[in-house]
Amino acid sequence: MGSLPPSLDFPSPKISETTLLNLFKSQQNHLNYFFQHLSLPQTLSFTQTLLKCRGTIYFTGVGKSGFVANKISQTLISLGIKSSFLNPVDALHGDIGILNDQDVLVLFSKSGNTEELLRVVPCAKAKGAYLVSVTSVEGNALANVCDMNVHLPVERELCPFDLAPVTSTAIQMVFGDTVAIAMMGARNLSKEEYAANHPAGRIGKSLIFKVKDVMKKQDELPVCKEGDMIMDQLVELTSKGCGCLLVIDENYHLIGTFTDGDLRRTLKASGEGIFKLTVGEMCNRNPRAIGPDAMAVEAMQKMESPPSPVQFLPVINDQNLLIGIITLHGLVSAGL
């Protein structure tokens with residue numbers, strides 16, 4: 001069912017590198033036309049209007065322009081700016097009620113004659129919203145009924161018929177996202193504030209997570225005393241999944257570390273003599289360590305630093321008290 005008979009042999013479509021290269025060059029030329037003819041005063045006025053908005057910046061559009069409008073709104077949201085996408089059809093069936101006189105409504109349309117948007121305009125005006133059209137055809141209907149218009153110059157579509165909206169939508173996206181970054185700079189958004197809006201992403205985690213957020217602690221710690229026999233601590237060494245022992249004194253001060261690598265080296269050097277050795281005799285008394293308030297990404301950098309990488313760091317406080325351990329595996333599992 002659904003497959004062609006073997007006798008029907010249709011030639012597969014072919015395209016050359018030269019054809020692709022020429023298309024990319026043509027698109028580049030069309031984008032350069034946009035950059036060369038865009039009105040910076042208009043763009044600045046538009047950006048300042050969005051910056052001054054005391055309510056929510058709504059974006060709307062139909063078809064491909066609607067997808068672009070939605071994406072630009074999401075960019076602003078990720079920067080901590082109140083924004084949302086307003087579907088023009090849903091707006092005419094009740095969603096227009098979300099608008100008020102503190103809001104700005106940005107309408108994306110290449111032609112500026114999109115019927116659905118033109119029907120939204122009087123309703124949005126009745127709610128008191130400030131309307132901005134972003135269009136590419138001079139003297140269009142939408143520009144004539146909005147409070148502000150921004151013209152996005154389009155030389156032509158890359159489509160050979162000059163019909164498929166591939167260049168105009170690329171220009172809309174470049175315009176909207178560039179304005180968003182301009183607003184980001186004007187609002188002095190810090191890297192930490194940006195990260196706070198992206199807690200699930202690697203960038204956000206690297207700027208938010210501290211050692212204390214991802215470290216093992218209390219019963220998860222593979223601890224022992226320096227007088228303990230090495231062979232008596234094998235279960236502790238292997239069962240906690242850290243690949244080491246954290247050697248402490250009676251008051252939980254960190255004395256040193258003993259790793260599974262140290263175990264192998266000791267066994268090779270001492271043979272049966274390992275049964276008489278204590279952890280304290282063979283441990284590293286000058287291990288790398290880190291504080292609980294350090295950034296998790298700093299811990300990863302410290303693990304990877306010369307002279308040789310390590311798989312874990314004891315976590316100690318200002319009094320050298322052991323409070324946790326952070327492992328490379330734990331950092332990777334946390335998305336760092």
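Residues take their numbers from the sequence shown, with the count starting at 1.
Taking NE2 of H329 as the reference point, atom CD of Q311 lies at 10.5 Å (rounded to 0.5 Å). With values rounded to the nearest 0.5 angstrom, I325 atom CD1 is found 5.5 Å from F312 atom CZ. With rounding to the nearest 0.5 angstrom, the CD1 atom of I171 is 6.5 Å from the OG atom of S136. Distance check, rounded to the nearest 0.5 Å: CD1 of I290 to CE of M300 gives 11.0 Å. Atom CG of N320 is separated from atom NE2 of H253 by 6.5 Å, given to the nearest 0.5 angstrom. Between Q319 atom CD and L254 atom CG the span is 13.5 Å, to the nearest 0.5 Å.
Listed by first and then second residue, the side chain to side chain donor-acceptor pair (under 3.5 Å) pairs involving residues 273-284 are T278-E281 (not counting sequence neighbours). Judged as a ring pair (Phe, Tyr, Trp, His ring centres under 6.0 Å), the pairs with a partner in residues 33-53 (not counting sequence neighbours) are, in order, Y33-H37, F46-F175. Note on residues 95-117: pairs passing salt bridge (charged side-chain N to carboxylate O under 4.0 Å, His left out), not counting sequence neighbours, are K110-E157. Annotation: salt bridge (charged side-chain N to carboxylate O under 4.0 Å, His left out) contacts involving residues 233-262, sequence neighbours excluded, comprise K225-E250, E236-K240, D262-R265.
No side-chain heavy atom of V134 sits under 4.5 Å from any side-chain heavy atom of S109. L277 has its side chain within reach of T266: a pair of non-hydrogen atoms, C-beta onward, lies under 4.5 Å apart. Side-chain contact between I326 and V214: present, with at least one pair of heavy atoms (C-beta onward) separated by less than 4.5 Å. Between V223 and Y252 the shortest side-chain heavy-atom distance falls below 4.5 Å. In this structure, N100 and K127 have side chains that are not in contact, with every pair of non-hydrogen atoms separated by 4.5 Å or more. Using a 4.5 Å cut-off on side-chain heavy atoms (C-beta onward), M148 and S45 make contact. Proximity of M231 to L234: side-chain heavy atoms (C-beta onward) are separated by under 4.5 Å at one or more points. No side-chain heavy atom of I323 sits under 4.5 Å from any side-chain heavy atom of K217.
Qualifying side chain to side chain donor-acceptor pair (under 3.5 Å) partners for R54, counting only residues two or more places apart in sequence or in other chains: Q102. With sequence neighbours excluded, no residue forms a side chain to side chain donor-acceptor pair (under 3.5 Å) with S239. Residues passing the side chain to side chain donor-acceptor pair (under 3.5 Å) test with T43, sequence neighbours excluded: none. With sequence neighbours excluded, the residues satisfying side chain to side chain donor-acceptor pair (under 3.5 Å) with D177 are K71, T75. Scanning for salt bridge (Lys or Arg N to Asp or Glu O under 4.0 Å) contacts around K212 gives D293, with sequence neighbours left out. Scanning for salt bridge (Lys or Arg N to Asp or Glu O under 4.0 Å) contacts around R285 gives E226, with sequence neighbours left out. N144 is linked by a side chain to side chain contact (heavy atoms under 4.5 Å, CB included) to nothing, counting only residues two or more places apart in sequence or in another chain.
Closest approach of V150 to Q42, counting heavy atoms only: CA-OE1, 3.5 Å. The shortest heavy-atom contact between T169 and K64 is CG2-CB, 3.6 Å. Taking each heavy atom of C146 and S133 in turn, the nearest pair found is SG-CB, 3.8 Å. In plain terms, the two heavy atoms of T47 and A182 that are nearest each other are CG2-CB, 4.3 Å. Contact between I77 and S83 at its shortest, heavy atoms only, is CD1-O, 3.3 Å. Nearest heavy atom pair, residue L321 against residue N251, reads CD2-O, 3.1 Å.
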Practice prompt. Starting from the C-alpha separation in whole Å, work towards a yes-or-no answer on side chain to side chain contact (heavy atoms under 4.5 Å, CB included) for Q218 and L221.
Written response: CA-CA 6 Å; Q218 297 176 347; L221 301 182; 5.9 Å; no

Discussion item. Could you walk me through whether C244 and F258 satisfy the side chain to side chain contact (heavy atoms under 4.5 Å, CB included) test, starting with their C-alpha distance in whole Å, then the side-chain angles of each, then the deciding distance to 0.1 Å, before giving a yes or no?
Written reply: CA-CA 5 Å; C244 70; F258 183 84; over 6 Å; no

Worksheet item: Going through the checks in order, is the side chain to side chain contact (heavy atoms under 4.5 Å, CB included) test met by N87 and T60?
Response: CA-CA 6 Å; N87 185 294; T60 189; over 6 Å; no

Worksheet item: Please walk me through it: do V132 and D147 pass side chain to side chain contact (heavy atoms under 4.5 Å, CB included)?
Response: CA-CA 6 Å; V132 183; D147 300 298; 6.0 Å; no

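With R156 contributing its side chain and H30 its backbone, the two residues share no donor-acceptor pair below 3.5 Å. Remark: the backbone N or O of K302 is paired with a side-chain donor or acceptor of S305 at under 3.5 angstrom. Within the 3.5 Å criterion, the main-chain N or O of T18 finds a donor-acceptor partner in the side chain of N22.
The cluster map of Ile, Leu, Val, Met, Phe, Trp and Tyr, joined by side-chain heavy atoms under 4.5 Å apart, puts I181 and L152 in the same cluster. The hydrophobic cluster containing F108 does not contain V137, counting ILVMFWY residues as joined when their side-chain heavy atoms lie under 4.5 angstrom apart, directly or transitively. Linking ILVMFWY residues whenever their side-chain heavy atoms come closer than 4.5 Å, directly or via other members, places L50 and I81 in the same cluster. No continuous path of hydrophobic side-chain contacts links F85 to I72 [ILVMFWY only; heavy atoms under 4.5 Å]. M183 and L38 end up in the same hydrophobic cluster when Ile, Leu, Val, Met, Phe, Trp and Tyr side chains are linked at under 4.5 Å.
A side-chain contact (heavy atoms from CB on, under 4.5 Å) with C224 is found for exactly one of I255, L246, L245, namely L245.
Within 6.0 Å of CZ on R119 lie no more than 12 heavy atoms contributed by other residues, nucleotides or ligands.
With hydrogens and angles left out, the side-chain atoms of S84 and T56 include no donor and acceptor closer than 3.5 Å.
Through direct or relayed side-chain contacts under 4.5 Å between Ile, Leu, Val, Met, Phe, Trp and Tyr, L92 connects to Y58, V62, L86, I96, I98, L99, L105, L107, L117, L118, V120, V121, L131, L142, V145.
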